[in-house]
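Heads up, the thing below is written out as structure tokens.
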2 protein chains.
Amino acid sequence: MSAEGARRRDVTVADVAKAAQVSKAQAARALGNYGAVSDDVRERVQAAAEALSYRPNELARSMNTGKSHTIGVVVGDIENPHFGLATRGITDTAKKAGYNVILVNTDEDREAEVDAVRVLLDKRVDGLIVAPASSVDTGHLQEVHRSGRPMVFIDRTAGDMPVETMAVDMARISREATRYLLDAGHRRIAFISTLRTNAPYTPGMTLESSQIADRIEGMREAFLEYGLAFPEDLVRLNAGDEDSIRSITREVLRGPDRATAAVASDGLIALSVVEAIQELGLSIPADVSFLMYDDFAWTRLTTPPLTVIAQPVYNMGVAAAKALIRQMEGLPPAAPAQFTATLVRRGSVGPCPATTGKPGREQLAGKPA
Amino acid sequence: MSAEGARRRDVTVADVAKAAQVSKAQAARALGNYGAVSDDVRERVQAAAEALSYRPNELARSMNTGKSHTIGVVVGDIENPHFGLATRGITDTAKKAGYNVILVNTDEDREAEVDAVRVLLDKRVDGLIVAPASSVDTGHLQEVHRSGRPMVFIDRTAGDMPVETMAVDMARISREATRYLLDAGHRRIAFISTLRTNAPYTPGMTLESSQIADRIEGMREAFLEYGLAFPEDLVRLNAGDEDSIRSITREVLRGPDRATAAVASDGLIALSVVEAIQELGLSIPADVSFLMYDDFAWTRLTTPPLTVIAQPVYNMGVAAAKALIRQMEGLPPAAPAQFTATLVRRGSVGPCPATTGKPGREQLAGKPA
DNA sequence: GTGAAAGCGCTAACAG
DNA sequence: CTGTTAGCGCTTTCAC
């Protein structure tokens with residue numbers, strides 16, 4: 001009987017070396033494909049390795065080389081197809097370059113993110129791609145950056161840290177979308193976001209998310225351009241679960257001064273907003289216009305198809321991975337990529353209806369040429 | 001000037017030990033929280049660690065202990081919310097138990113899967129959760145199983161391997177859904193799937209995917225129950241990209257003997273099928289009934305809302321992680337979980353229309369009590 | 001409790 | 001080209 005009963009210990013270079021009758025060093029060289037090895041030795045070693053079905057221990061390898069060929073990815077929520085796609089872009093690119101990906105979910109919670117980064121670093125990932133949960137509270141990220149570990153941000157910025165960032169110009173597209181709504185005659189435009197804050201939105205407040213801050217800023221700018229006051233009261237944050245989204249939507253869409261257009265800050269939220277609108281007995285776009293961020297395929301299937309803001313998420317993932325790999329390989333950064341979101345006009349935005357009590361007329365008068 | 005210029009080497013236990021004036025062993029014990037350490041030493045070590053901002057090298061730790069506290073997850077496509085949700089269930093559970101997740105995407109390609117498993121094993125993950133791309137070609141998985149490494153399958157089986165598997169009873173729900181369609185008078189029911197095969201579907205053929213095989217089997221059984229012949233010609237595989245899905249849909253929905261109901265095997269495919277139906281000028285459910293697998297939120301938003309087969313994907317992820325962790329910790333397996341999919345009747349299935357040329361009458365005659 | 005010393009599996013000098 | 005000898009950073013005997 002052979003070594004069957006023994007607790008199956010992994011076979012190591014030493015075992016292979018012995019079997020191939022060469023020194024451990026030579027076996028290692030042949031196996032690891034480095035240094036100089038004669039054809040004869042190489043063949044014997046490979047044969048032995050094959051016979052013993054040897055598999056290198058990457059951990060040991062990493063310990064010596066200092067490289068793990070692994071990149072850590074920290075996102076808020078993989079369940080959201082937005083991140084799903086981005087992650088796909090990252091993993092596709094990483095794999096092509098011989099890197100693996102460790103994925104950590106933070107639920108957009110800063111504490112979890114701090115933790116995630118720490119764990120990843122402890123595991124000695126070669127680099128990090130993170131979608132910062134907060135662009136304000138960035139101590140942990142600054143520390144990483146200071147330590148010199150390669151890092152790239154995706155989807156959002158983290159304060160003004162000098163780290164390569166793959167994100168779209170949110171203020172720009174928000175401005176464009178808002179103009180579109182304004183041109184359609186809307187003045188009461190609601191913006192609904194999941195962003196968690198301690199207090200309801202007030203004009204000057206600091207927002208954790210650069211994305212949301214920029215979107216609101218873009219809206220404000222558009223209103224300003226048109227010489228109109230931005231309806232701050234219609235900016236609604238903390239739209240967490242379905243219930244809160246529904247009640248927020250109802251609130252905003254009721255009363256004589258109701259919103260005539262709603263912008264949902266992501267695809268998940270959009271679902272509940274649209275349902276709430278339908279429950280209210282309002283129809284899109286006759287009674288209320290609707291616009292959402294992210295161009296998911298299903299937005300083409302609703303009646304009417306939804307007007308959306310498309311973001312090149314997959315490409316951002318690809319670019320993030322590429323940039324990180326350049327950093328890890330000590331190459332100079334490529335020219336900063338420019339990602340532009342686009343407004344996809346489908347059927348959910350229509351002309352502003354005369355709101356209850358017909359106060360719509362005078363509002364429309366404010367529209368510039 | 002302090003050690004600023006030096007290439008910042010990671011601080012190790014040795015450094016901490018020196019600073020705390022204790023032996024390396026004691027420092028390690030205090031830091032790693034094992035063995036016996038006096039309060040005094042522990043405090044000094046912790047203080048020193050803090051001061052030097054020491055972080056353990058998990059690689060080194062893993063090498064010694066043989067545990068990496070990492071589980072490898074191999075799925076076909078994270079971009080698909082189906083897997084996104086499952087992955088979420090896995091990572092949530094893993095994190096709670098102190099495990100990390102390395103995610104690898106296979107694009108449902110067996111070669112890629114073989115590779116993924118190998119890489120993960122080389123990285124010495126403690127266990128594997130995989131959604132087998134093929135339930136036929138399972139050599140690599142059998143090897144893993146034979147090696148004794150903890151492993152759990154999710155979403156589908158791999159042949160008859162004795163490995164814990166978290167999946168729904170597909171044949172059952174498919175039977176139920178088919179009965180529902182049959183009861184509505186449909187006889188020409190098409191089944192459209194992305195599954196890649198070398199040849200078009202023929203009755204006896206071996207299918208790589210246990211899921212798809214079971215679904216077809218379920219349909220066949222339902223037809224049999226009703227004493228009807230199963231329309232094998234309407235089983236369509238290889239619905240890869242949008243174009244092929246569209247042309248398949250058109251094909252199936254045209255002609256005097258066209259299908260009156262279509263079942264889409266996943267949410268991604270569903271989009272194109274529905275669009276193709278609309279392009280054909282047909283309406284759901286008046287002209288053709290529609291049913292799909294996976295209950296994504298957006299299916300409630302279409303007009304009509306879509307009738308779907310809901311699968312407890314998140315829970316399957318949770319269960320898979322839990323089962324794997326039990327295995328890794330040497331505990332006996334819990335009672336095998338039972339996952340049941342449910343048919344969610346919304347508005348996309350209606351009575352069978354009289355098809356072109358009205359040959360529908362005699363078909364309907366075949367319906368049992 | 002504590003410390004010295006021996007590994008884990010591999011790579012990396014360094015001499016031949 | 002090849003073999004010997006050190007480590008990588010940590011855990012783990014094994015004595016004291």
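Keep in mind that the numbers below use all heavy atoms, side chains included, and drop hydrogens, waters and symmetry copies.
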Presence of salt bridge, A:K96 and A:D92, under 4.0 angstrom: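 No, A:D92 and A:K96 are not salt-bridged.
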Carboxylate-amine/guanidinium proximity below 4.0 Å for A:R156 and A:E108: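 Yes, charged N to carboxylate O under 4.0 Å.
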Look at the side-chain N and O atoms of [X] and state whether any lies under 4.0 Å from the OP1 or OP2 oxygen of [N].
X     : N      : answer
A:T65 : C:dC10 : no
B:R61 : D:dT11 : yes
A:Y34 : C:dA13 : no
A:T12 : C:dG9  : no
A:S38 : D:dT2  : yes

Distance-only donor-acceptor check, side chains B:E58 and B:S62, under 3.5 Å: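 Absent: no donor and acceptor within the cut-off.
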Please report, rounded to the nearest Å, how far the [atom2] atom of [N] is from the [atom1] atom of [X].
X      : N      : atom1 : atom2 : value
A:K24  : D:dT2  : NZ    : C1'   : 15 Å
A:Q26  : D:dT5  : CD    : P     : 15 Å
A:M63  : C:dG7  : CE    : C1'   : 12 Å
A:R42  : D:dC1  : CZ    : P     : 9 Å
A:R124 : D:dG9  : CZ    : P     : 8 Å
B:D40  : C:dT2  : CG    : P     : 7 Å
A:L59  : D:dT11 : CG    : P     : 14 Å
B:K123 : C:dG9  : NZ    : C1'   : 15 Å

Check: A:Q327 side chain, A:P150 main-chain N or O, donor-acceptor pair, under 3.5 Å: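 The answer is no, because no donor-acceptor pair under 3.5 Å joins these two groups.
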Contacts of B:Y314 that satisfy ring pair (Phe, Tyr, Trp, His ring centres under 6.0 Å) - sequence neighbours left out: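 Scan of B:Y314 (ring pair (Phe, Tyr, Trp, His ring centres under 6.0 Å), adjacent residues dropped) gives none.
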Position toward the 5' end of DNA chain D (nearest nucleotide), B:R29 or B:V11: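 By nearest-heavy-atom nucleotide position, the 5'-most residue is B:V11.
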Which residue lies more 5' along DNA chain C, comparing B:A60 with A:A28 via nearest heavy atoms: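 Closer to the 5' end of DNA chain C: B:A60.
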Polar side-chain contact B:N64-C:dG7 base: donor and acceptor under 3.5 Å: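 It does, because a donor-acceptor pair links the side chain of B:N64 to the base of C:dG7 below 3.5 Å.
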Candidate nucleotides C:dG3, D:dC1, D:dG3, ranked by approach to the side chain of A:A36 - the nearest: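 Of all the options, the side chain of A:A36 is nearest to D:dC1.
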